[in-house]
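Below: the structure, in structure tokens.
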Amino acid sequence: MEVLKLENVSKHFKTKIEDIKVLDNINLVVNKGDLISIQGKSGSGKTTLLNILGLLDTNFQGKIMLEGNKIESIGFVFQFHHLLPEFTAIENVALPLLRIDKNKKEVFKKAEKLLELVGLEDRKNFYPNELSGGQKQRVAIARAMINDPKVILADEPTGNLDEENSKIINDLFLKINKEENKAIIIVTHSIELANIAKRKYILKNASLHEI
Ligand SMILES: Nc1ncnc2c1ncn2[C@@H]1O[C@H](COP(=O)(O)OP(=O)(O)OP(=O)(O)O)[C@@H](O)[C@H]1O
Ligand SMILES: [Mg+2]
């Protein structure tokens with residue numbers, strides 16, 4: 001089943017000096033349970049592509065189709081965790097759902113389950129500045145899952161982590177993909193992380209090439 005699809009997507013950035021074509025006629029079909037990686041040099045357009053896939057950027061040519069048309073069906077994990085410093089781990093995980101579901105008790109129960117899934121139930125009441133980089137990223141992954149997304153998009157999720165923490169995150173993505181059957185698209189410079197994917201792409205000269 002298709003959950004997300006790009007059809008002939010192109011993107012230009014017009015500056016005063018030049019018109020840069022960052023994406024040229026990109027086609028991509030994401031099916032339920034897919035595990036996809038996208039590599040590419042710095043500046044090749046990976047974040048631009050992910051922002052379009054995540055509906056954060058709607059200013060492009062071409063078409064995007066999202067199954068069910070619900071923005072909640074996309075979860076985002078960024079290079080920098082973007083956790084809110086004034087909230088605890090469990091509150092950070094719960095927040096995106098609390099905005100839609102007012103049953104606080106149920107929402108927190110679910111957030112706790114997700115923290116268990118990422119192995120951080122013992123850190124649920126810690127604030128982001130009391131967590132290590134790897135732990136923060138695991139909280140961010142739990143948060144990306146709170147609205148039961150069909151697709152998780154991750155932009156350089158291990159970019160700031162050492163080898164050991166990167167391995168934990170890699171295994172976590174594999175587990176979420178397998179056990180929760182979520183489609184995951186990971187943009188990464190890490191060969192190890194790219195290699196966990198079943199479908200691998202490289203973004204080069206504004207085009208997406210399967211490798
Ligand atoms: N708002 C903008 N205005 C003009 N050009 C932009 C803008 N945002 C991005 N670009 C250009 O688009 C190209 C792609 O940027 P993008 O951030 O998608 O690259 P990336 O592949 O994610 O790189 P990195 O690996 O360094 O994160 C770059 O050349 C960049 O200068
Ligand atoms: Mg980027």
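For reference, positions follow the sequence shown, starting with 1.
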inquiry  = side chain to side chain contact (heavy atoms under 4.5 Å, CB included) for E156 and T188? Distances and angles first, verdict last.
reply    = CA-CA 5 Å; E156 281 289 349; T188 185; 4.3 Å; yes

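- Of the possible polar contacts, none joining the K113 side chain to the K109 backbone as a donor-acceptor pair under 3.5 Å is found.
- P128 has its side chain within reach of N92: a pair of non-hydrogen atoms, C-beta onward, lies under 4.5 Å apart.
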task = Could you give me the CA-CA distance, side-chain angles and deciding distance for T48 and L23, then say whether side chain to side chain contact (heavy atoms under 4.5 Å, CB included) is met?
result = CA-CA 8 Å; T48 305; L23 301 174; 4.1 Å; yes

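- The distance from the CD atom of E112 to the CG atom of L117 is 13.0 Å, given to the nearest 0.5 Å.
- In this structure, L49 and L208 have side chains that are in contact, with non-hydrogen atoms separated by less than 4.5 Å.
- Using a 4.5 Å cut-off on side-chain heavy atoms (C-beta onward), K124 and T88 make no contact.
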request  = Would you sort out whether L97 and K110 count as a side chain to side chain contact (heavy atoms under 4.5 Å, CB included), showing the intermediate values?
outcome  = CA-CA 10 Å; L97 182 55; K110 188 169 173 191; 4.0 Å; yes

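- Atom NZ of residue K136 and atom CD1 of residue I141 lie 14.5 Å apart, to the nearest 0.5 angstrom.
- A 4.5 Å side-chain heavy-atom check between N25 and V9 finds every atom pair outside the cut-off.
- Going from atom NZ of K182 over to atom OG of S73 covers 10.0 Å, rounded to the nearest 0.5 Å.
- Ionic pairing of K11 and D24 is not present here: no N-O contact between side-chain nitrogen and carboxylate oxygen is shorter than 4.0 angstrom.
- Here the OG-OH distance, from S207 to Y201, works out to 13.0 Å after rounding to the nearest 0.5 Å.
- P149 places none of its side-chain heavy atoms less than 4.5 Å from the side chain of I74.
- In this pair, F78 and F76 present their aromatic rings parallel. The plane angle is below 30°, not in the 30 to 60° band.
- In this structure, the side chains of L161 and I168 stay at 4.5 Å or more apart for every pair of heavy atoms.
- Remark: of the listed residues I152, N181, D171, L114, I152 is the sole one forming a side-chain contact (heavy atoms from CB on, under 4.5 Å) with I176.
- In this structure, the side chains of L172 and R138 come closer than 4.5 Å at one or more pairs of heavy atoms.
- With no hydrogens or angles considered, a side-chain donor-acceptor pair links T47 and D155 at under 3.5 Å.
- Looking at I38, I185, I36, L35 one by one, the single match for side-chain contact (heavy atoms from CB on, under 4.5 Å) with R199 turns out to be I36.
- With values rounded to the nearest 0.5 angstrom, Q79 atom CD is found 8.5 Å from Q137 atom CD.
- A salt bridge links K5 with E2: the distance from a Lys NZ or Arg NE/NH1/NH2 to an Asp or Glu carboxylate oxygen falls below 4.0 Å.
- One distance of note links CG of N165 with CG of N170; it measures 10.5 Å at 0.5 Å rounding.
- For the residue pair H189 and Q39, no side-chain donor N or O sits within less than 3.5 Å of a side-chain acceptor on the partner.
- Put simply, the side chain of L153 does not reach to within 4.5 Å of the side chain of V77, judged on heavy atoms.
- Judged by distance alone, the side chains of N177 and K198 do bring a donor and an acceptor atom under 3.5 Å apart.
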